[in-house]
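Working notes for the structure below.
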Protein chains: 2
Amino acid sequence: MLRVMVVDDQALVRRGFALVLDNEPDIEVVAEAGTGVEAIEAAHAQQPDVILMDIRMPEMDGLEATARILEAGDTTCRVIILTTFDPDEYVFRALRAGASGFVLKDIPPEALVDAVRTVAEGGAMLAPGITQRLISQFAQKLGSERDLAERLQRLTSREREVLTAIAAGKSNAEIAEALFIGAATVKSHVSSLLSKLGLRDRAQAVVFAYECGLATPGEHDVGF
Amino acid sequence: MLRVMVVDDQALVRRGFALVLDNEPDIEVVAEAGTGVEAIEAAHAQQPDVILMDIRMPEMDGLEATARILEAGDTTCRVIILTTFDPDEYVFRALRAGASGFVLKDIPPEALVDAVRTVAEGGAMLAPGITQRLISQFAQKLGSERDLAERLQRLTSREREVLTAIAAGKSNAEIAEALFIGAATVKSHVSSLLSKLGLRDRAQAVVFAYECGLATPGEHDVGF
DNA sequence: CCACACATCCGCCAAAAGCGGGATTTTGAT
DNA sequence: ATCAAAATCCCGCTTTTGGCGGATGTGTGG
C-alpha cells in the first residue's frame, strides 16, 4: 500500500487530489497539510512514501519544505512538486531540493496516479515541457563537444595528460612533479599543445578543456 | 491527424506498434521502415510528425538515423527512441542526436500513445528511470554550484565582469580594451578577485568560473 | 640501412602575469 | 555631511609562462 501525503494551502484542492488518490485500491492518503511547517511535522510523523507538494503556501513554501524534509534524512519519502503555471523559475530549485517529480495541476487524474506510482518505484516524472527543456539543456552541452573533441585527437597522449592537468588548475611545476618529468619538459608540452590547438595561453587551454568535455563541472573540489 | 512512422527491424514488433497506434482515431501510421537507411528515405518522403525508432537495426542503427534525419533540417518531425532494456549507454547519444523521447518497449500501449501525443505537442517523454538519472545529474551539478556561487557574491560587480572575461580566455590587455579601462586596473581587479576567491592564477580562475556556473560549456565558440 | 616523422626531454630568454604598495575619484549608505 | 567601499590608475619587483632552438630515443617505410 502506497502511503501518500498531500500538501496544499487550499483545502478544496487538497481534498480533490486526496479523493482521486484514495479512490485507487493500492494508494492511501495518510496525511494532509496546509503549510510547509505542517508538512514537515506530518512527514516526520507519518513517514509517507510519496508527498504531493504545492509550491505556493504561507509560512513556508513547498520547495523549502521539500528541502528540509529530505535533508532530515530520517525518511525515505519522495516528493512530487505541484504547480499551477509556468514552472520555469522554480524547476531548478525543485530539482536541487531533491524533488522526484514536477507536474502541473491540470494533469489528468490517471496521469497523477501514474506519477505517484512511478515515483514510488524510484522513477521520476516531469511535465513534458520540463523534460523537454532538461533535454535541450543537456543536448546543447553535449553537442558542441564533438568537433572540438576531434581537435583533441591531434594531441599526443602526453599532451592530453598535460592539458588535463592544466584544466585542473595545476601550475607547470605541479604538473612536472605529478608526471615525474622536468618543469622545462612540461613547458614544452604546453607550448606544443597550445600551438596544435591554436590557443594562446593556459587560461584558454582550460576553456578549451571544458568546452570539449575533457573537463566537466562538478568533478573536482575547487579547494586548490 | 498525427502522422507517425514506425522503425524496427523486426516486422512483428513493427506491426504491433503500428496497430496500437492506428487504433487511435487521431493517429495515422504513414510509414514503416526496417533499417536506418529506409527510415531516412521514408522520413524525407512522408514527413511524419513523430517517429518511433528502434535502436538495434542492421545497416544503420536508430541513433545514427535519428541524427541524420534531424540534421537534414528538411523536416520538423520529432523522434521517440524505443529500446528493449538498459538504455544507460545509449541515452546520451540519443539526446545528442536530438531525440525527444526515450521509452522501453515494455511500455503499456496507452502510455505509448500518450508519449506520441506529448511529443507531437512539443513535450518530451522519458522512461521514469531515465528521467530520474537526468535529474540526479542535474541536481548534483546545481548542488556543487551553490556554495561556489556564494563565494562569487564576495566579488564586486566589476570583478565578476573581469572574471567572466578571464573565463572567456581574454588576456589582461584584451579585457582592458573591452572594458575601456587601463591594463593596470585590470591587473588590480584580477589580483583582487584571485585573492578573494583563494585562487592562484587566471587558469584556476577559469576553472572556478566553470565550476560555479559563471561560465558554461557550449556558450562560446572556441575560435579565440 | 637510413632518412624522416614524431614524441619526449631540456635550457635560454623575452613577455606576460601576479604581488605589494599607494593614490585619486566615484558611489552608496548611514 | 561623512565615512566606507568600490573603481580607477600607477609603479616597481618577482614568478610564471610561453616561444625558440636543440638533444635524444623510437618507430616506419623506402
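- A heavy atom closer than 4.0 Å to some atom of DNA chain C occurs in A:Ile181, A:Gly182, A:Ala184, A:Thr185, these being the qualifying members of residues 171-187 of chain A.
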### Summary
Quick tally for nucleotides 22-30 of chain C: nucleotides whose base has a protein heavy atom under 4.0 Å get B, sugar-phosphate-only ones S, the rest -, giving ---------
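- Atom CD1 of B:Ile166 is separated from atom CD1 of B:Ile175 by 5.0 Å, given to the nearest 0.5 angstrom.
- Reading DNA chain D from its 5' end, the first and the last nucleotide to sit under 4.0 Å from a heavy atom of chain B are D:dA6 to D:dC10.
- Atom pair B:Lys196:NZ and C:dG18:P shows a separation of 17 Å (rounding to whole Å applied).
- B:Ile135 has its side chain out of reach of A:Phe102: every pair of non-hydrogen atoms, C-beta onward, lies at least 4.5 Å apart.
- Under 4.0 angstrom from either OP1 or OP2 of C:dG18 there lies no side-chain N or O belonging to B:Arg200.
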### Task
Walk me through it: do A:Thr35 and A:Met57 pass the test side chain to side chain contact (heavy atoms under 4.5 Å, CB included)?
CA-CA 6 Å; A:Thr35 72; A:Met57 282 188 302; 5.5 Å; no
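- By the 4.5 Å heavy-atom criterion applied to side chains, B:Val186 and B:Lys170 are not counted as neighbours.
- Using a 4.5 Å cut-off on side-chain heavy atoms (C-beta onward), A:Val7 and A:Asp54 make no contact.
- Salt-bridge annotation for B:Arg158 and B:Glu161: present, with a side-chain N of the basic residue lying under 4.0 Å from a carboxylate O of the acidic one.
- Counting only heavy atoms from C-beta outward, the side chains of B:Phe138 and A:Leu134 approach each other to under 4.5 Å.
- Ion pairing of A:Glu174 with B:Arg200 is present here, as a side-chain N (NZ or NE/NH1/NH2) and a carboxylate O approach within less than 4.0 Å.
- Residues A:Asn172 and A:Arg202 are in side-chain contact: their nearest non-hydrogen atoms beyond the backbone lie under 4.5 Å apart.
- Looking only at side-chain heavy atoms (C-beta outward), A:Glu159 and A:Leu197 stay at 4.5 Å or farther from each other.
- In this entry the distance linking CD1 of B:Ile166 with C1' of C:dA16 reads 13 Å, nearest Å.
- An OP1 or OP2 oxygen of C:dA17 is reached within less than 4.0 angstrom by no side-chain nitrogen or oxygen of B:Ser191.
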